[in-house]
Structure formats: structure tokens, C-alpha cells
2 protein chains.
Amino acid sequence: MGDAERESRILDAANDLITHYGYDKTTVDEIAREAGVSKGAVYLHFKGKEALFEALLLRESERVMDDMFARIEADPEGGTLFHVYGHALRAAITNPLIRALSTRDRRVLGDFARRFANMASPQDGMMFGREFIAHFQAAGLIRRDLSPETVTHLLVYMRYGFLMTESILPPEHTPPIDEIVAAMADMLSKGLAPDGQGDSETGKAIMRGYVAQLRAAIDERRGKLKKDE
Amino acid sequence: MGDAERESRILDAANDLITHYGYDKTTVDEIAREAGVSKGAVYLHFKGKEALFEALLLRESERVMDDMFARIEADPEGGTLFHVYGHALRAAITNPLIRALSTRDRRVLGDFARRFANMASPQDGMMFGREFIAHFQAAGLIRRDLSPETVTHLLVYMRYGFLMTESILPPEHTPPIDEIVAAMADMLSKGLAPDGQGDSETGKAIMRGYVAQLRAAIDERRGKLKKDE
DNA sequence: AGTTGACCAGAATCGTCAAACTGGTCAAAG
DNA sequence: CTTTGACCAGTTTGACGATTCTGGTCAACT
């Protein structure tokens, strides 16, 4: 078993246990056992429990980002902000840990919840923040008569509500995810896009730049994690 | 001091204390003192602490509803669903207790949080629920190609995010409430309204009916409260 | 008759302390 | 050189009784 594969197994185990029992109630011992290695081995790969968790968040963030990006590239109209938005939501809701992170679910994050009050995760902070929206506006993919801050707020509201669906609306009346996302994207494109919708390829180009930027941010954090070891 | 006025003072005191310290940490003794009456007097008006709180919720719900209704009637275009929606949000965010109720804020609701898992409040349950939306669709105020459930979800998402603003977005970048609500209403009207927007007066008529229905529901609950005494 | 506040039983809180557990280390085994 | 798991120090948990607090009542007072 290679080094990278073992690290990956440890992260898999941590992911399963933490999304199920929460950060606080998951012990390093359990993670090691679930991963089929000894506890010492865990400390060979990570500085400590916190660093392990952070590494896990980075990995899952990257996965969600890759997932989103793949969906965008595969979709002819994927570069429109509202398709971008839809693909981002689909990717995010699929990943339990990222969902917990985005909704600041204390049952999963435990003590870490406080840490995220200050430090926004790459996912959250950069994805639909002011700069991001301004960029899309400049490229003619969003109406320019709205301030970027306002657009950001609207998009974050919907994203938050969407990821909270299970908690706030009775599941028996919830339509399929695809139907909701489709309606959302459609509504947004009619409500926030300029006449003519803007050019999808331009949007894709922007997204490639952003994904690269996000990836760089993630790698930088990874580097810091390693250096602290 | 009349009987009704004293009851009102007790509710005022309870409102102040509970929105500030939360249900659990507010004692009947403090409520009585704040209201300038004895503890016994509180029990003359209400069966117990729970009944007092429920009465408070009913009063505040009714106030928010009245507020919303007044805004709608005063607005020439107030009958459009999206103006209705905007007025409902403005009214709701103004009232701390209703905001806490709508966001299921445990710090304020305390033990009561659980009770609302099953029993939806009139405000929440009826306001933008399936039936309500279906009604507006039938009246030609919302596109008919979307299922009422889907529309409900979209609206609830935005409402939830909007009422959570303070908790999820840094206040320094938050535009004025009016700007956000205006953008939201505009976006919704472009995205979810049929061509031609529909007739505002029709919407107002529907709203009058709904408000009457809500008021009846509130009065019924009030009656049950009194009966249990 | 209408109000009050002292009073009560049960619940929550505090303080304590021993047992169990947890993150982290490292000598020893492989 | 890599990996392990017994081990350690510090923390958390839980049981316990003492003490305070809280919702609710009711005899006494106005």
C-alpha cells in the first residue's frame, strides 16, 4: 500500500466517521481502526487531529470544485452564471462534509464551528463573493444595474436555503433536486441576466481562471499544513 | 389599569426579556417584575409559562401579519406575488421574535425549538405553502409551468437566507435592507411571474381572503388557549 | 372580588472527585 | 527505516449530594 493511498484511506475513514458522528465525537483511535492502520500511523501523516480535519476539508473542497467544474465543461450553456450556480449547488449538496461546512452545522463541525466564524473557507468566501460577481458583471453575464453586493446576497440566500432544505421543509413535499435546481437557474437567468443572456464561453473562461485560483489557494493551504509538521 | 392593558404589559415584558435572554433563561418572576405586577397576577392571565409564550407568539404573528397587510394595501402594485413577498419579508425582519421563530433560533426559543419541528406556526406554514402558491398560480400571478412545491421551495429558501443574513454574511458588506428586498422582488417578478405580471387587484383580493383565514386560525388558537385555562 | 407574595415540590445548577477517555509520544518490534 | 501499540499527561465524563432556582399555588391581605 503506497504512501498516498494510505493517507487517502485515513481521510476516507475520517470523512465517514465525522460526517456521521461529528468532529468532537470522532476519536483518532477510531479513525485509525476504520482505516486499518495504527494510531501512530495517523500521526505519521498528519500533525494532529486538527490538521487531519483541515486536510480533509481541503480534499473535499477540491473534489466538489472538480465536480462542479466538470459539470460546467460538459454543459454547452455551462458558462452562464446561472448554470454555474446550478452546477455549484449540485456539486455541493452531493458532498455531506461540504454541506455541513456551508450550513455551519455544529453537530458535524463541533468545536470547529467557531473557527469558521472568522476564517471563511475557499468554497464559501470566494465562490459567490463580491469580486466573483463583479467579474461576471464586467463580462456581461449579469445585469449591471445591481450592485455586486446585492447579487451576492441573493445568491447566498438561495444557496443557504437550498443546502438547508432537509432541515426547514418537510421532505415529503420536496420535489426532486434536479427540478428545484432547474427552476432556480431558470428564475435567476430571467431575473438577473442581461438581455441576451451573455456568452457562455466567456463565462467558462472566467471559471477556468477562478478554478485555477481556487486550486492555488487550496495548494497553498496544503503547503502550510505540511510545513507546520 | 384595565384588564386588557395589563395583559398587554405582561406580554410586552415577556417579549423584551425573551428576545433578549431567550425563553429558558427568562423567569416568570422577572416578567412579572418587568411588567410591574406580581407573579400571581401573571397566573391570573395565563395558565402557565408555556401558555404565556404561546399567547405572545400569537400576538406577534398577528402584528406582523397586520404590518404586512397594511404595506400591501398601501402599495398600488402590492397585490403582485413579488410585492406581497417583499412586504412579508420587510414585516418579518422587523419583528425580533418572529425572526427568531422563522429561523428556529434556539438561543431565543430554547426548549420550544423542538415543539416547532412538528407544529408549523401559522406564519410559516400557511404563508408561502403549497396551497397559497397554487392559489396565486390559478389567478395568473405566477407562471404555471412550475409546480407549486418548487415555487414554495424557492421562496422559502430566499426567505430563510434573508432572515439569516446577520448570521451568514459579514454585516460590513450588507447593502441596506430595502435595496436587497427591491432586488429580490424584481428578480422574482422577472423570473417567476407570467408575461404581463398579472393583476395586482386580484392578488390583493386573494390576500384579503388569506389574511382573514390566518386571523381566524390565530383566533382559534387563542380560543383553545383560553379554554385550557 | 381582586391581588399579592410567602411558600412548596420538583428541577436545574454547582462543586467535587474518581474513573474513563483522548490526543499525542516514543521505545521497541518487524 | 517503517510501523506499531503500550503508555502518559491532561481533559472530559458521570455520579453524588448540597444548594439554589423556578414554575406554580393559595391563604391572607387590601
Side-chain angles (χ1 to χ4, degrees), chain A residues 1-11 13-18 20-57 106-115 225-229, chain B residues 1-11 13-18 20-57 106-115 225-229:
Chain A
M1 181 163 43
D3 207 57
E5 189 192 335
R6 169 179 293 161
E7 187 163 313
S8 168
R9 283 202 192 189
I10 293 172
L11 290 177
N15 196 16
D16 286 352
L17 292 169
I18 290 175
H20 194 80
Y21 298 106
Y23 177 79
D24 288 345
K25 304 235 176 246
T26 300
T27 72
V28 176
D29 221 26
E30 286 171 331
I31 294 173
R33 213 176 315 140
E34 176 83 12
V37 300
S38 74
K39 192 159 65 147
V42 172
Y43 285 88
L44 246 49
H45 285 277
F46 305 97
K47 190 193 171 195
K49 195 187 181 189
E50 290 199 5
L52 163 59
F53 187 53
E54 216 168 314
L56 175 62
L57 287 176
R106 294 192 177 208
R107 281 188 59 185
V108 172
L109 301 181
D111 284 340
F112 259 72
R114 241 162 249 118
R115 183 166 308 205
L225 268 185
K226 282 284 167 202
K227 214 176 69 180
D228 284 351
E229 237 169 273
Chain B
M1 181 162 46
D3 207 56
E5 188 191 335
R6 177 149 67 204
E7 187 163 313
S8 169
R9 283 201 193 191
I10 294 173
L11 290 177
N15 196 15
D16 286 351
L17 292 169
I18 290 175
H20 195 83
Y21 298 106
Y23 178 78
D24 288 344
K25 305 234 176 246
T26 300
T27 71
V28 177
D29 219 26
E30 286 170 331
I31 294 173
R33 213 178 313 142
E34 176 84 10
V37 300
S38 75
K39 192 159 65 147
V42 172
Y43 284 89
L44 245 48
H45 286 277
F46 305 98
K47 192 195 170 195
K49 195 188 181 188
E50 291 200 5
L52 164 57
F53 188 54
E54 214 168 317
L56 176 62
L57 287 176
R106 295 196 174 203
R107 279 186 63 183
V108 171
L109 300 182
D111 285 341
F112 259 71
R114 242 162 249 117
R115 183 167 309 206
L225 268 184
K226 282 283 167 207
K227 214 177 70 181
D228 284 350
E229 236 170 277

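Order of the sequence lines fixes the chain letters, A, B, ..., with proteins taken first and strands second; residue numbering starts at 1 for each chain.
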Once you round it to whole Å, what is the distance between [atom2] of [N] and [atom1] of [X]?
{"X": "A/Glu5", "N": "D/dT2", "atom1": "CD", "atom2": "P", "answer": "18 Å"}
{"X": "B/Lys49", "N": "D/dT25", "atom1": "NZ", "atom2": "P", "answer": "15 Å"}
{"X": "A/Tyr43", "N": "D/dT3", "atom1": "OH", "atom2": "C1'", "answer": "16 Å"}
{"X": "B/Leu44", "N": "D/dT25", "atom1": "CG", "atom2": "C1'", "answer": "12 Å"}
{"X": "B/His45", "N": "C/dT4", "atom1": "NE2", "atom2": "C1'", "answer": "13 Å"}
{"X": "B/Asp29", "N": "D/dC21", "atom1": "CG", "atom2": "P", "answer": "11 Å"}
{"X": "A/Tyr21", "N": "C/dT22", "atom1": "OH", "atom2": "P", "answer": "13 Å"}
{"X": "A/Asp24", "N": "D/dT11", "atom1": "CG", "atom2": "P", "answer": "16 Å"}

| message | Judged by each residue's nearest nucleotide on DNA chain C, which is more toward the 5′ side, A/Gly40 or A/Glu30? | response | A/Glu30
With the side chain of [X] defined as its heavy atoms from C-beta on, choose the nearest nucleotide among [options].
{"X": "A/Ala41", "options": "C/dT4, D/dG24, D/dT4", "answer": "D/dT4"}
{"X": "A/Ser38", "options": "D/dG5, D/dG23, C/dG23", "answer": "D/dG5"}
{"X": "A/Arg6", "options": "C/dT25, D/dT3, D/dG23", "answer": "D/dT3"}
{"X": "B/Val37", "options": "C/dT22, D/dT4, C/dT4", "answer": "C/dT4"}

| message | For A/Arg9 and A/Val37: C-alpha separation, side-chain torsions, deciding distance, then whether side-chain contact (heavy atoms from CB on, under 4.5 Å) applies. | response | CA-CA 9 Å; A/Arg9 283 202 192 189; A/Val37 300; over 6 Å; no
| Shortest non-hydrogen contact between A/Asp24 and A/Lys49, atoms and distance | O-NZ, 4.0 Å
| task | Determine the minimum heavy-atom distance between A/Val42 and A/Ala32, stating which atoms define it. | result | CG2-CB, 3.8 Å
| query | Run the side-chain contact (heavy atoms from CB on, under 4.5 Å) check on B/Ile18 and B/Tyr23 step by step: do they pass? | reply | CA-CA 5 Å; B/Ile18 290 175; B/Tyr23 178 78; 4.2 Å; yes
| query | Is there a donor and acceptor pair closer than 3.5 Å between the side chain of A/Lys39 and the base of C/dG23? | reply | yes
| Rounded distance in Å between the P positions of D/dT22 and C/dG15 | 16 Å
| request: For B/Glu50 and for A/Lys25, find the nucleotide of DNA chain D with the closest heavy atom, then tell me which residue's nucleotide is more 5'. | output: A/Lys25
| said: Using 30° and 60° as the class boundaries, would you call the ring planes of B/Phe112 and B/Phe53 parallel, tilted or perpendicular? | reply: perpendicular
